[in-house]
Participant: 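Once you've had a glance at the structure underneath, I'll fire off some questions.
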Amino acid sequence: MCIETIKDNLIQDKYIYLQEFKDDIELIFQNCYIFNPIPTNVVHKNCKKFEEKFKTRWEKLLKQLNECNINYEVQQIDKGRARELDLEE
């Protein structure tokens, strides 16, 4: 799994549920740590930063969904509504 594949999946609306998107992102992190296990490695460090940033934004998204009474684990992605959510910091 790579960012380009996830990007293509988003563009082609291949994700039905948010959890599918999250699982693919987390697979990137897992692969990164498997193939770059040394914590001082620049790829490992950058992956850690990316993971932390993703977790922060994911939590923000979950908070917004919760405020709208949407259960992200079972709710299908509403493409129009998803684009309205402000995930900028």
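One is the number of the first residue; the rest follow in order along the sequence. Just so you know, these numbers come straight off a predicted model, no measurement behind them.
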Participant: Answer yes or no: are there more than 12 heavy-atom neighbours, outside I11 itself, under 6.0 Å from its atom CD1?
Facilitator: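 Result for CD1/I11: enclosed.
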Participant: Using side-chain heavy atoms (C-beta onward) and a distance below 4.5 Å, is K55 in contact with E52?
Facilitator: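 A side-chain contact is absent here, since even the closest heavy-atom pair is not under 4.5 Å.
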Participant: List the residues meeting ring pair (Phe, Tyr, Trp, His ring centres under 6.0 Å) with F50, not counting sequence neighbours, and say none if there are none.
Facilitator: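 Residues passing ring pair (Phe, Tyr, Trp, His ring centres under 6.0 Å) with F50: F29.
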Participant: Closest heavy-atom contact between I28 and C2?
Facilitator: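 That would be CD1-C, 3.7 Å.
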Participant: Between N66 (side chain only) and L62 (backbone N and O only), is there a donor and an acceptor less than 3.5 Å apart?
Facilitator: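 Checking the backbone N and O of L62 against the side chain of N66, no donor-acceptor pair under 3.5 Å is found.
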Participant: Once you round to the nearest 0.5 Å, how far does NZ of K14 lie from CG of D24?
Facilitator: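 K14 atom NZ to D24 atom CG measures 11.0 Å (nearest 0.5 Å).
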Participant: Taking all non-hydrogen atoms of both residues, which atom of K45 and which atom of P39 are closest, and how far apart?
Facilitator: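 Looking at all heavy atoms of both residues, the closest pair is CG-O, 3.4 Å.
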Participant: Would you give the length of the straight line joining atom CD of E59 to atom CZ of F54, rounded to the nearest 0.5 angstrom?
Facilitator: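 Here the rounded value is 9.5 Å.
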Participant: Would you find a donor on one side and an acceptor on the other, under 3.5 Å apart, between the side chain of Q12 and the backbone of N9?
Facilitator: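 The answer is no, because no donor-acceptor pair under 3.5 Å joins these two groups.
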Participant: Once rounded to the nearest 0.5 Å, what's the spacing between atom CG of N46 and atom NZ of K48?
Facilitator: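 One gets 12.5 Å once the value is rounded to the nearest 0.5 Å.
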Participant: Is I25 close to W58 at the side-chain level, that is, under 4.5 Å between some pair of heavy atoms?
Facilitator: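 No - every pair of side-chain heavy atoms lies 4.5 Å or more apart.
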Participant: Below 4.5 Å, heavy atoms only, C-beta onward: do I6 and M1 meet side chain to side chain?
Facilitator: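 When only atoms from C-beta onward are counted, M1 and I6 do touch, with a gap below 4.5 Å.
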Participant: Can you name the closest pair of heavy atoms from F21 and L10 and give their distance?
Facilitator: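 So the minimum-distance heavy-atom pair works out to CE1-CD1, 4.0 Å.
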Participant: Only counting residues at least two apart or in another chain, list the ones meeting side chain to side chain donor-acceptor pair (under 3.5 Å) with D23.
Facilitator: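 With neighbours one apart ignored, the set is Q19.
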Participant: Are I3 and Y15 in one and the same hydrophobic cluster, where Ile, Leu, Val, Met, Phe, Trp and Tyr link if side-chain heavy atoms are under 4.5 Å apart?
Facilitator: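 Same cluster.
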Participant: Would you check, one step at a time, whether the test side chain to side chain contact (heavy atoms under 4.5 Å, CB included) holds for E20 with I16?
Facilitator: CA-CA 7 Å; E20 296 169 317; I16 304 294; 3.6 Å; yes
Participant: Indicate yes or no: at least one non-hydrogen side-chain atom of N31 is less than 4.5 angstrom from one of N36.
Facilitator: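 Side-chain contact under 4.5 Å: no.
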